[in-house]
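Written out below as structure tokens is the structure these notes cover.
Just so we're on the same page: letters track the sequence lines, and every chain starts at 1.
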2 protein chains.
Amino acid sequence: MSARAHRPTIKEVAQHAGVSPMTVSRTLSGGLNVKPDVQERVLAAVADLGYHRNENARSIRPGHSSGLIGVAITNIANPYYSTFALGVEEEAALTGRRILLGNTSEDADRENALVSDFLGRRVEGLIVVPASTDADHLAASQQQGVPVVQASRRIDGLDADTVVLADDDGAHRGASALIDAGHTRIGYLGNTLSIFTGRRRHAGFVRALEERGIPLDPALIAAGQQTVDQAREATRAMLRMKNPPTALFCANNRNAIGALKEINRQLGSGIKPVSEYPEIMSFDDFELAELSPVPISVIDHDPRELGRTAARLLLDRLDASGDGGEAREVELPVQLRMHLR
Amino acid sequence: MSARAHRPTIKEVAQHAGVSPMTVSRTLSGGLNVKPDVQERVLAAVADLGYHRNENARSIRPGHSSGLIGVAITNIANPYYSTFALGVEEEAALTGRRILLGNTSEDADRENALVSDFLGRRVEGLIVVPASTDADHLAASQQQGVPVVQASRRIDGLDADTVVLADDDGAHRGASALIDAGHTRIGYLGNTLSIFTGRRRHAGFVRALEERGIPLDPALIAAGQQTVDQAREATRAMLRMKNPPTALFCANNRNAIGALKEINRQLGSGIKPVSEYPEIMSFDDFELAELSPVPISVIDHDPRELGRTAARLLLDRLDASGDGGEAREVELPVQLRMHLR
DNA sequence: CTGTTAGCGCTTTCAA
DNA sequence: TTGAAAGCGCTAACAG
């Protein structure tokens with residue numbers, strides 16, 4: 001537990017090795033034009049003192065960057081986002097970069113503060129799952145040469161690289177499959193339409209119904225649940241209807257899990273047989289979905305790949321050093337995995 | 001997508017506001033001894049130029065620190081660890097600090113490299129879920145005045161603040177409860193005994209059996225599964241025994257989920273009724289545990305609180321500025337939630 | 001091959 | 001209340 005409370009500097013290493021700081025610097029940067037035996041002495045001194053080159057000092061020199069990527073996501077604890085973060089981390093680590101991770105809790109103000117803080121720490125770029133609908137802070141970042149990648153969601157009017165899922169297409173295919181299976185009363189559970197993915201998935205869902213001439217019953221639309229508990233409550237309300245839905249379309253894993261929990265709870269009280277509960281279509285796969293008492297189909301995708309792709313878009317731009325051109329937009333495909341009655 | 005590729009410095013702000021850099025610095029540090037109207041002018045310039053104080057440059061000045069906490073965990077995608085990371089992030093954010101997050105993938109070399117990198121970036125402290133059994137790199141960090149908190153696991157011979165779960169006690173209580181319920185053939189599924197928690201939970205389990213005079217059948221001990229798939233395979237092997245266990249003790253969520261998946265799969269083929277499958281005791285709660293076809297009891301705890309506690313131990317030490325004294329050891333309690341046949 | 005000088009962006013110290 | 005000088009740790013550019 002003893003603390004020397006002092007971290008050696010390049011000067012001390014130099015002194016220890018009997019050379020100038022420049023020789024230490026050169027040795028640590030690959031050793032060009034440093035005699036092998038001198039290098040050895042330097043490295044020995046480095047090891048002796050436990051020296052670590054100060055990256056912050058380095059980063060203020062012209063031509064040097066921080067090696068930091070700022071990552072702002074809405075909920076670290078949600079497996080979808082943590083897996084996304086893993087993908088970013090892995091890809092960044094391949095180039096020796098590290099991630100500064102911040103949680104926005106779906107709060108635009110916190111996102112603003114986070115981005116501002118990240119810029120102060122001289123991140124090379126930002127990867128953001130926008131909680132905000134406002135482009136200003138991110139546009140400002142780009143104007144200062146700090147590229148932004150928006151992942152999973154897109155902000156209107158932000159001209160930045162984007163990677164999103166095929167939300168509309170996936171939802172459309174999922175809902176269509178339910179209709180194909182004969183469902184006409186399909187409940188919708190999703191997060192608020194003010195969120196990009198919520199809006200797109202809802203749109204795909206609605207489009208499928210319209211195409212097939214199925215009337216849209218407002219009582220069957222519950223958009224606004226951000227948590228599992230809220231989703232459970234919304235499900236409860238829907239199942240209480242005199243003419244309840246025969247299928248539930250869940251626009252994300254929080255809502256699917258909430259629906260499952262509620263159905264499972266009601267099954268426990270044994271009022272109705274399983275066959276009278278709605279089957280489920282979930283946008284997002286999740287662990288243990290297979291234990292569902294009612295058939296559950298999944299609109300599946302890979303959040304890790306989403307993270308990797310976001311990182312690659314950013315790293316591309318960093319290595320292309322300079323403007324790099326047009327904002328790119330990637331839409332990752334989703335895969336429908338059916339499991340119906 | 002236009003990039004000015006330039007971030008304003010304090011000098012430019014000063015020029016823009018018609019003052020010296022010092023006045024800008026003072027204004028940004030609270031405005032002591034700066035006339036209000038001058039402050040206004042400075043802040044206007046800051047806003048105009050989109051200036052963000054360079055924290056890296058700041059941090060190299062004596063007396064200033066980076067405001068960075070290095071967090072190294074073994075698997076970001078595991079909800080247990082991501083929730084842990086959330087706890088750390090929240091607590092760090094309360095003091096204006098950010099976290100540098102790295103994934104070790106349970107690899108000691110990667111942990112070493114990560115810690116080294118973190119030290120180079122002048123983190124104020126480290127929070128580590130050790131993948132390594134070697135104390136050297138972390139001890140070295142402490143010697144240089146960078147405190148370390150080890151979370152969830154403890155490394156022998158590392159004199160650092162520690163927060164762990166009541167692994168032994170929890171496992172002991174869980175196993176005892178199974179024995180109380182009449183089980184004598186209890187299968188053990190856990191990760192390798194070379195990992196701290198694996199060892200402790202196994203020890204608590206074994207102790208419970210020994211206390212009750214229940215012989216330890218080596219065929220019922222499977223320690224070494226790190227992934228859900230490995231756990232599934234181990235479960236399969238155990239259920240194939242001619243005299244299979246009547247209960248499974250799962251030492252973490254990966255193993256519990258693997259066991260559940262295997263049991264669920266076998267149920268699908270309808271060879272045996274549910275009642276003939278083992279019930280489960282899981283160290284770690286997890287989402288949708290309640291959907292288990294067999295009764296599942298849980299040794300529950302709060303990974304977010306684990307993260308918060310780890311962060312507080314570290315922040316305490318940072319704010320106590322100086323050695324701060326003895327290494328502290330916190331053992332967070334676990335809670336048994338029974339659900340048996 | 002090695003060292004000296006200068007300066008990155010910032011703030012502490014001292015002077016005005 | 002403000003500014004000038006100096007230096008944090010590091011490394012390009014230049015000298016030797």
According to salt bridge (charged side-chain N to carboxylate O under 4.0 Å, His left out), who are the partners of [X], at least two apart in sequence or on a separate chain?
X: A:E55; answer: A:R53, A:R58
X: B:E12; answer: none
X: A:R154; answer: A:E329
X: A:E305; answer: A:R308, A:R312

Rounded distance (Å) that lies between atom [atom2] of [N] and atom [atom1] of [X]:
X: B:H64; N: D:dC8; atom1: NE2; atom2: C1'; value: 10 Å
X: A:R53; N: D:dT11; atom1: CZ; atom2: C1'; value: 10 Å
X: B:E40; N: D:dT1; atom1: CD; atom2: P; value: 15 Å
X: B:R58; N: D:dC10; atom1: CZ; atom2: P; value: 20 Å

## Note on the structure
B:Y80 meets the ring-ring contact (aromatic ring centres under 6.0 Å, His included) criterion, sequence neighbours left out, with B:H301
### Message
Below 4.0 angstrom, which residues in residues 113-121 of chain A have at least one non-hydrogen atom near DNA chain C?
### Response
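Residues of residues 113-121 of chain A that come under 4.0 Å of DNA chain C do not exist, since none gets that close.
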### Query
Can you name the nearest heavy-atom pair linking A:A131 to A:R153, along with the distance?
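Smallest heavy-atom distance, with atoms named: CA-NH1, 4.0 Å.
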### Task
Heavy atoms only: give me the nearest B:Y51-B:T9 pair and the separation to one decimal.
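Minimum heavy-atom separation between B:Y51 and B:T9: CE1-C, 3.6 Å.
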### Message
With a 4.5 Å cut-off on side-chain heavy atoms, are A:S152 and A:L306 touching?
### Response
yes
### Task
Check whether any side-chain heavy atom of A:L138 sits under 4.5 Å from a side-chain heavy atom of A:V115, and report yes or no.
yes
Side-chain atoms of residues 66-77 of chain B: list all donor-acceptor pairs with protein atoms under 3.5 Å, sequence neighbours left out, distances to 0.1 Å.
unit_1	atom_1	unit_2	atom_2	d
B:S66	OG	B:L68	N	3.2
B:S66	OG	B:R122	O	2.5
B:N75	OD1	B:A77	N	3.0

#### Entry: 5' to 3' contact window, DNA chain C with chain B (heavy-atom distance under 4.0 Å)
C:dC8 to C:dT12
What does the list of N/O pairs under 3.5 Å between the protein and nucleotides 2-6 of chain D look like, with a distance for each?
unit_1	atom_1	unit_2	atom_2	d
D:dT2	OP2	B:K35	N	2.8
D:dG3	OP2	B:S20	N	3.0
D:dG3	OP2	B:S20	OG	3.0
D:dG3	OP2	B:T23	OG1	2.5
D:dG3	N7	B:R26	NH2	2.5
D:dG3	O6	B:R26	NH1	3.3
D:dG3	O6	B:R26	NH2	3.3

#### Entry: Verdict with reasoning, A:L315 to A:R97, per side-chain contact (heavy atoms from CB on, under 4.5 Å)
CA-CA 10 Å; A:L315 295 168; A:R97 279 176 253 246; 3.3 Å; yes
## Note on the structure
Rounding to the nearest 10°, end axes of the helix from C:dC1-D:dG16 to C:dA16-D:dT1 built from five pairs each make an angle of 40°
### Message
Going by side chain to side chain donor-acceptor pair (under 3.5 Å), name the residues that satisfy it together with B:R121, two or more places apart in sequence or in a different chain.
### Response
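B:R121 satisfies side chain to side chain donor-acceptor pair (under 3.5 Å) with B:D117 once adjacent residues are dropped.
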Under 3.5 Å, which donor-acceptor pairs do the side chains of residues 35-45 of chain A form with other protein atoms, sequence neighbours left out?
unit_1	atom_1	unit_2	atom_2	d
A:Q39	NE2	A:G31	O	3.1
A:Q39	NE2	A:V34	O	3.0
A:R41	NH1	A:A17	O	2.7

